[in-house]
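In what follows, a single structure is set out as structure tokens and then discussed.
Hydrogens, waters and symmetry mates play no part in the numbers below; they use all other heavy atoms, side chains included. Being a predicted model, the structure only gives us computed values, none of them experimental. Lettering of chains follows the sequences in order, A, B, ..., and the numbering in each one begins at 1.
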Amino acid sequence: MLIEEAFSVDAPRAEVVRFLLDVPRMGACVPGVEDLHRVDDARYEATLVVRVGPIQARFRGDVSIDATGAPDTIVASASGRDSTTGSVAQVRFFADLVESEDGSTEIRSASDVTIRGRLGQFGSGVVASTAREMVKTFAQCAGQEIGGVAPSASRSSNTQGIAPVVARGVLSWLREIWSRIFRRRGQVRSRDE
Amino acid sequence: MSSNSQLTLSVNGNHVTVEVPADEALVHTLRDRLGLRSVRPTCGLGICGTCTVQLDGVVVSSCLLLTVQVSGRSIRTSEGLTNDDGSLSRVQQAFVDNGAYQCAYCIPGMVMTVEACFAESPNASVEEVREYLAGNLCRCGTYVSILEAVTELVKGERE
Amino acid sequence: MTTSADTLVRRARVLGVSLPMPDAADRVVGTLEYTVDHSVEGMVHARLVRSPYPHARIIDVDVSGALAEDGVLRVVTGADIETAVEIPNPFFGLTRRDQAPLAIGKVRYVGDPVALVVAETPQTARAGAESVLVDYDELAYVVDPKDALVPDAPVLHDEWPGNECGEWRLDRGDVDGAMSNATHLFEATYTSPMANAVPFEPHVAIAVWVDDFLEVWTATQWPSAVRGELAHMFDIDPGKVQVRVFPLGGGYGAKSQLKIEPVVAAAARMMGRPVRLELDRDEVFLTTGKHPARMNIRTAVDAEGRFIAREIDLLYNGGAYAVVTPKAVAQGLLRSIGPYRFPNIRIRSRGVYTNTIPSGSFRGAMTNQAAFAYESHADEIAAGLGIDPYELRERNLLEDGDLFASGQVMHDIHFRELLQDVAKVIGWGKERASPAGKAIGKGLAVIIKTTPPGTRSEVRVEVHADGQVLVHTNSVDMGQGVLGTLAQLTAHHLGVDIEKVRVRDPDSSTFDSMTAGSRTTFVADHAIGEACESIRRQAAEIVAGRSYGSDPGTTPDYEEIMREASITALIGEGVYQSTPSDALSNPLDVKGEVADHWHQGAVAVEVAVDVETGKVEILRCHGAAWAGRVVNPIRARQQSEGSIIFGMGPALFEEVIFVDGQVSNPNLSDYMIPSIVDVPINLTSSSLESPDPDADIHGVGEMTIPAVAPAIANAIARATGARVRDLPMTAERVLRAILGEPE
Amino acid sequence: MTRFVEPRDLQEACAILADDEWGNKVISGGTALVLMMRQGLIAPSTLVSIGRIDDLDGIRKDDSRITIGARTTHTAIAASAEVQRWLPSLADACSRVGNVRVRNVGTLGGNLAEADYAADPPTVLVGLDALCHVIGPHGARVLPVADLATGFYTTSLGPGEIITGVSVLIDEHRVSVYEKYVSRSSEDRPCVGVSATARYDGTSLDQLNVVVGAAVAVPRRFDEVTASALGGTLDETARRDIAAAIGEAIDPIEDARGSAWYRRKVTAVLVKRALERVSR
């Protein structure tokens with residue numbers, strides 16, 4: 001599922017980059033993040049708590065940031081496993097940063113969210129809507145943190161039949177980028193308490 | 001893992017005592033502990049009807065009930081519909097006579113439901129029984145023969 | 001001795017009579033034993049750990065957490081199986097041995113089994129499976145078969161570059177020449193997604209080893225295939241493998257080939273204990289499905305509406321493992337032609353590997369997908385030419401003596417009778433006025449299905465001294481009532497009372513290629529006939545001077561003969577071996593004898609479409625199957641009508657949906673099947689018979705299902721003018737077609 | 001370890017629930033809760049049964065209101081002469097929930113507390129301005145059913161709070177209908193559900209509530225759209241305009257039952273059909 005969210009912040013691009021690379025600060029804007037701590041320069045461990053009604057999933061896993069494209073683009077990837085629902089979540093986040101003449105920065109983000117396992121089979125529409133809400137909340141929080149404006153547009157789409165052709169194109173392009181950047185192992189390994 | 005509870009049920013007229021974990025569904029108690037084969041978990045969601053039993057006379061999905069919820073209550077399964085002399089009930093006999101079975105995995109649940117429908121409304125029409133059966137699925141597609149059995153029963157009721 | 005008059009009366013009674021199944025009461029009460037009810041002394045319980053990724057390398061499987069669970073006995077992984085000395089051949093498969101009981105090296109679809117946890121109880125096995133941690137390295141994956149064919153697509157199996165999973169071609173006449181001179185050309189593409197057969201009894205198996213002997217209790221339609229592959233896997237004589245089958249709680253193709261038997265047998269072998277595995281509903285969805293297909297058709301037609309040439313391009317999604325796909329796409333080719341004459345025809349049928357559930361048999365396999373295409377196309381041509389669809393079919397239908405596209409001369413062809421039957425019942429040509437907001441229309445479809453040559457069935461018939469007759473076959477009862485039907489045939493051929501005949505559940509003592517493809521009744525009639533004839537001959541030899549051949553006028557008193565001769569049993573064996581053909585010897589040039597005989601069916605429907613929501617209601621439906629002779633009318637009827645009902649689901653709403661390579665609806669809430677109120681009250685069928693008392697008995701298990709979807713599509717088009725070319729024809733698709741809104 | 005407890009009074013039940021907001025769950029009929037447990041989505045530590053608590057069952061009518069106990073099953077509501085007489089749209093919606101087995105066990109309180117978007121009764125209850133009666137560790141309170149569900153499977157109930165019942169004002173001048181649409185099998189859950197409730201002063205429309213459920217996370221009312229029709233006669237033009245405006249205004253969920261595009265179309269059709277049934 002691809003969730004696109006574009007928003008402007010009243011801050012120069014360098015400051016936006018600083019925010020996005022400051023994982024603890026950025027992570028505080030992701031609803032449900034707990035226990036965020038650093039492993040090395042590019043990698044952090046965290047728990048993401050997602051609640052859908054009576055269901056509470058605690059995805060334990062890690063977050064990686066790739067800043068080689070900065071300040072034009074920031075790419076991040078997170079994945080985690082929840083033992084209660086036997087599910088695996090993956091988020092691949094891509095942000096294009098465009099500085100305007102007035103000094104503000106537009107953040108065009110695309111998040112590719114995949115939930116595998118039992119939660120992924122539980123009402124795909126519900127999970128998609130929940131993920132979309134989370135991205136929107138993040139955008140609002142990020143806007144406020146950096147000192148900016150509310151999001152301007154958002155859109156989500158499934159990768160199945162109902163997705164617009166253009167979104168599918170974006171998705172495969174994004175996945176290709178990720179497969180190049182994050183060719184690494186151990187996506188779902190995370191010890192449970 | 002769950003802590004076990006000891007409880008008593010009336011199953012097909014017999015009082016039985018079982019010790020079950022709190023999260024055990026009735027379908028498993030009936031099938032795995034009491035050996036009642038006619039009660040079958042298929043979808044596990046209350047949709048298909050192959051685990052249909054009567055709880056105090058009304059049909060329920062035994063996959064959506066915890067055994068601890070029905071402590072002290074009366075349960076009837078398809079095995080308990082046959083007459084004391086072992087002969088088939090009227091509804092069961094109509095199913096046999098009309099060839100209303102194929103693989104038959106769903107049929108005991110169908111019979112339970114038809115029995116309950118007639119118990120609730122003895123003068124139910126074929127159309128009413130059909131609506132009542134909407135939640136009992138048959139993948140072999142025996143619906144036509146089942147309706148023939150129902151038609152025979154409805155006619156018999158009116159005679 | 002029985003008089004000839006008595007015999008004739010009895011024989012008239014036993015064939016063509018709606019006898020109940022021998023176990024009818026047990027079926028209705030629920031006391032019938034299925035495999036799922038069976039248990040074996042000392043057995044332990046297993047649970048599979050499955051891949052959450054569509055394509056990934058297995059780096060490590062950490063089983064320590066699972067083994068720490070109280071009651072977990074063992075965790076078996078792919079690596080264990082690869083190195084186990086007891087399992088010399090860890091790969092199995094009936095067409096390509098490309099599948100291991102547990103994934104070795106990498107996983108190829110979401111749901112691919114990675115490990116098996118064996119424990120004292122099912123609950124403990126489940127808990128243990130949750131604790132197995134697998135470390136994966138994700139690989140690029142491919143779900144759409146078209147994407148799997150592009151040059152740098154991810155490759156599933158290194159041995160099969162380009163994801164090739166079978167390619168077959170047929171070329172007859174001069175297609176290009178005919179196309180270039182044609183008055184009219186029509187072209188369209190039709191698609192069918194994966195559907196699940198949803199047998200209510202899940203896949204379940206118990207394996208027991210005693211020394212080198214393996215006994216497997218399994219809910220399978222193909223006991224002989226299971227036996228052969230397991231014997232190969234463990235490198236033991238097939239005689240040491242016994243496959244036991246109870247009546248199935250539904251099969252519909254989903255229990256064909258091998259499914260969970262290899263992993264259960266392997267674990268039992270490695271542990272030295274009987275192992276049982278029963279799948280959950282979502283796992284049944286992950287185990288097999290109907291081949292998704294895309295079929296493009298181009299047809300050249302002359303001014304009178306006669307088909308001059310056709311070109312077909314068929315692409316089948318085989319999923320992650322071959323199972324039967326490389327051969328099935330050959331049947332897919334033959335079954336894409338339809339019941340029409342084509343002087344010029346060219347077909348390419350391909351199978352391709354993708355990172356999805358392995359496709360396998362499905363009721364109406366490889367015919368449903370094609371018939372939806374060619375029968376929809378027939379109506380599109382009729383509409384384009386302004387010819388009545390019935391009339392267009394009349395002008396092109398194959399007849400006795402015609403050449404099939406492969407060049408085979410056709411016999412026993414009855415399409416016209418079938419078409420007439422369904423058209424008459426539905427009231428073809430008499431249109432009803434549509435009420436406000438609804439559009440009412442009728443549709444027709446006729447289908448043909450090849451029966452593959454070269455299959456084999458063995459039976460053994462034993463007449464015991466007490467007059468009881470025991471029949472051994474490897475035919476599986478899956479609700480079609482085959483054991484009763486075979487008893488009727490045996491009683492008929494021997495000339496004895498049906499009450500004396502008992503047909504045993506399959507136990508591998510005889511060979512049968514499969515219980516599938518609607519072939520059993522046809523082939524068993526031949527094999528049983530041969531076995532019974534042998535018994536009659538033996539009886540005649542004992543009572544010298546008499547003739548007890550196949551003449552129905554003379555039936556021996558077997559009991560008396562055995563008593564006089566002091567023997568305890570008369571045993572006859574019969575084999576049906578259909579003539580092998582070399583039609584499929586060159587995949588790129590299919591030609592010659594492609595079918596033993598021809599399955600033929602037709603369906604007509606009347607639908608009402610809600611033009612504001614696109615919802616389709618089926619008002620009336622009639623199906624017809626060519627039966628030749630009917631052994632048991634109620635069973636034949638239930639096959640035709642059950643087939644129609646089964647077909648309504650994939651026609652209107654059933655679809656296994658993949659999101660990010662994983663199935664998003666593997667349960668009966670999100671994947672719906674037809675209920676009793678989805679089915680029209682007015683649903684009927686005909687089993688057409690030949691006046692010839694010796695006519696071939698045709699199976700009727702799948703004669704109507706392939707015609708259901710196209711008949712509905714054609715009725716929708718006639719009602720609304722909107723053509724839906726993709727299955728399922730959901731209300732949304734129909735509304736989009738009506739409004740001209742693309743997806 | 002799942003525990004099953006059956007307190008005899010509500011105070012005790014509330015106290016146990018408040019102990020562990022996430023781990024302890026109320027169980028009534030259990031159709032929804034057991035389903036989620038069996039799917040491996042939740043593993044409650046304590047199941048708090050309200051099966052042995054008095055006064056949660058049954059349907060009572062007084063001069064102005066009908067009150068339905070939380071533990072009343074859908075079957076009982078659909079079969080109630082009082083509900084059929086005074087709240088026919090609720091009887092209709094309850095008679096179409098799931099299948100006969102689910103209706104025999106599933107309760108109205110459970111239905112509301114689950115806050116499943118693909119449900120029938122809430123859409124009707126919101127249109128009828130029904131009130132939800134709740135009890136918690138800090139006493140009882142009443143809130144509109146419209147304010148109960150806040151998102152997918154999420155309610156505004158606080159820790160330890162339990163629904164005890166629902167009440168609806170009786171109004172002889174009100175006409176209310178429910179339109180349910182399933183896009184696949186007859187056994188499917190609703191793709192869209194629409195309730196329309198109208199009140200007339202003579203022939204002039206006095207009050208009109210249109211509520212759309214199942215296509216959105218929580219039942220949504222469209223007072224801003226229907227306001228324009230008040231005082232009029234709800235003629236064909238008015239009905240068409242309202243239907244079109246609601247179809248435009250709604251932001252539907254997408255799932256196997258239909259895309260957002262489709263649900264918009266169907267919503268407009270259902271609103272039109274519901275309005276036809278309540279127009280004079």
Side-chain angles (χ1 to χ4, degrees), chain B residues 1 21 24 28 31-32 35-48 50 77-79 81-82 87-89 91-112 126-127 130-131 133-147, chain C residues 18 20-21 23-34 36-37 122-123 127 197-202 247-252 280-282 477-481 632 634-635 637-639 641-649 667-669 672-679 681 683-685:
Chain B
M1 288 295 275
E24 179 167 303
H28 295 298
R31 185 179 172 77
D32 302 335
L36 294 162
R37 268 182 204 163
S38 76
V39 188
R40 303 171 177 136
T42 295
C43 72
L45 305 171
I47 288 174
C48 70
T50 62
T77 71
S78 174
E79 289 92 340
L81 293 175
T82 51
S87 63
L88 300 184
S89 77
V91 174
Q92 289 172 330
Q93 192 61 50
F95 271 65
V96 169
D97 293 345
N98 287 276
Y101 52 84
Q102 289 188 57
C103 89
Y105 211 72
C106 67
I107 296 299
M110 293 271 180
V111 170
M112 291 305 295
V126 174
E127 182 52 37
R130 178 174 176 253
E131 289 287 335
L133 277 172
N136 284 82
L137 304 176
C138 171
R139 190 51 158 171
C140 296
T142 318
Y143 298 137
V144 179
S145 301
I146 290 167
L147 278 187
Chain C
S18 289
M21 289 190 204
D23 49 14
D26 279 332
R27 281 178 193 262
V28 169
V29 176
T31 41
L32 183 75
E33 186 174 21
Y34 299 91
V36 76
D37 299 312
Q123 292 78 11
V198 193
F200 277 15
E201 179 196 31
L248 302 186
Y252 327 109
D280 279 356
R281 182 54 42 189
D282 62 333
D477 194 305
M478 45 199 186
Q480 83 284 44
N632 185 319
I634 177 100
R635 299 279 93 82
R637 221 190 89 195
Q638 285 181 335
Q639 285 300 303
E641 292 166 13
S643 221
I644 288 173
I645 292 166
F646 193 99
M648 284 177 181
N667 61 70
L668 291 185
S669 172
M672 308 238 65
I673 64 170
S675 80
I676 197 166
V677 282
D678 292 321
V679 169
I681 290 176
L683 170 63
T684 53
S685 68

Exercise. Check whether any side-chain N or O of C/S675 sits under 3.5 Å from a backbone N or O of B/G135 as a donor-acceptor pair, and report yes or no.
Key: no
Quiz item: Heavy-atom distance under 4.5 Å between the side chains of B/V144 and C/R637, does that happen here?
Solution: yes
Quiz item: So, B/R139 side chain and C/I673 main chain: donor-acceptor pair closer than 3.5 Å or not?
Solution: no
Quiz item: What part of C/A197 lies closer than 4.5 angstrom to a heavy atom of chain B: side chain, backbone, both or neither?
Solution: backbone
Practice problem: Please look at B/Q93 and chain C and tell me whether the side chain, the backbone, both or neither of the residue comes under 4.5 angstrom of a heavy atom of that chain. | Solution: neither
Practice problem: Test B/R130 against C/I681 for side chain to side chain contact (heavy atoms under 4.5 Å, CB included), laying out the working first. | Solution: CA-CA 10 Å; B/R130 178 174 176 253; C/I681 290 176; 3.6 Å; yes
Exercise. Nearest 0.5 Å please: distance from the CD atom of B/Q102 over to the CG atom of C/L248.
Key: 13.0 Å
Self-check item: Gap between atom CD1 of C/I676 and atom OG1 of B/T142 - 0.5 Å precision
Solution: 9.5 Å
Self-check item: Heavy-atom contact with chain B under 4.5 Å, split by part of C/P247
Solution: neither
Quiz item: Counting N and O atoms only, with roles assigned by atom type, does the side chain of C/Q638 sit under 3.5 Å from a partner on the main chain of B/G99, one being a donor and the other an acceptor?
Solution: yes
Quiz item: B/R37 side chain to C/T31 main-chain N or O, any donor-acceptor pair under 3.5 Å?
Solution: yes
Quiz item: Based on non-hydrogen pairs under 4.5 Å, which of C/V198, C/V679, C/D678 is most in contact with chain B?
Solution: C/V198
Quiz item: How many angstroms lie between CG in C/L32 and SG in B/C103, if you round to the nearest 0.5 Å?
Solution: 9.5 Å
Quiz item: Does the side chain of C/R281 reach to within under 4.5 Å of the side chain of B/L45, using non-hydrogen atoms?
Solution: no
Self-check item: Under 4.5 Å from a heavy atom of chain C, the part of B/V111 involved
Solution: side chain
Quiz item: For the side chain of B/Y143 and the backbone of C/I645, is there at least one donor-acceptor N/O pair under 3.5 Å apart?
Solution: no
Quiz item: Is the backbone of C/Y34 close enough, under 3.5 Å, to the side chain of B/Y105 for a donor and an acceptor to pair up by distance?
Solution: no
Quiz item: When rounded to the nearest 0.5 angstrom, what distance separates OG in B/S38 from CG in C/D26?
Solution: 11.5 Å
Quiz prompt | Between CG on residue B/D32 and CD on residue C/Q123, distance to nearest 0.5 Å | solution = 7.5 Å
Quiz prompt | Sub-4.5 Å side-chain heavy-atom contact between C/Y252 and B/C140 | solution = yes
Quiz prompt | Side chain to side chain, B/I107 and C/R27, heavy atoms closer than 4.5 Å | solution = no
Exercise. Could you tell me which non-hydrogen atom of C/V28 sits nearest to which non-hydrogen atom of B/S78, and how far apart they are?
Key: O-OG, 3.9 Å
Quiz item: For C/M21, is it the side chain, the backbone, both or neither that has a heavy atom under 4.5 Å from a heavy atom of chain B?
Solution: both
Quiz item: Non-hydrogen atoms of chain C under 4.5 Å away: do they reach the side chain of B/L133, the backbone, both or neither?
Solution: both
Quiz item: What part of B/L137 gets closer than 4.5 Å to chain C, counting heavy atoms only: side chain, backbone, both or neither?
Solution: both
Quiz item: What part of B/N98 is in contact with chain C, defined as an atom under 4.5 angstrom from a non-hydrogen atom: side chain, backbone, both or neither?
Solution: backbone
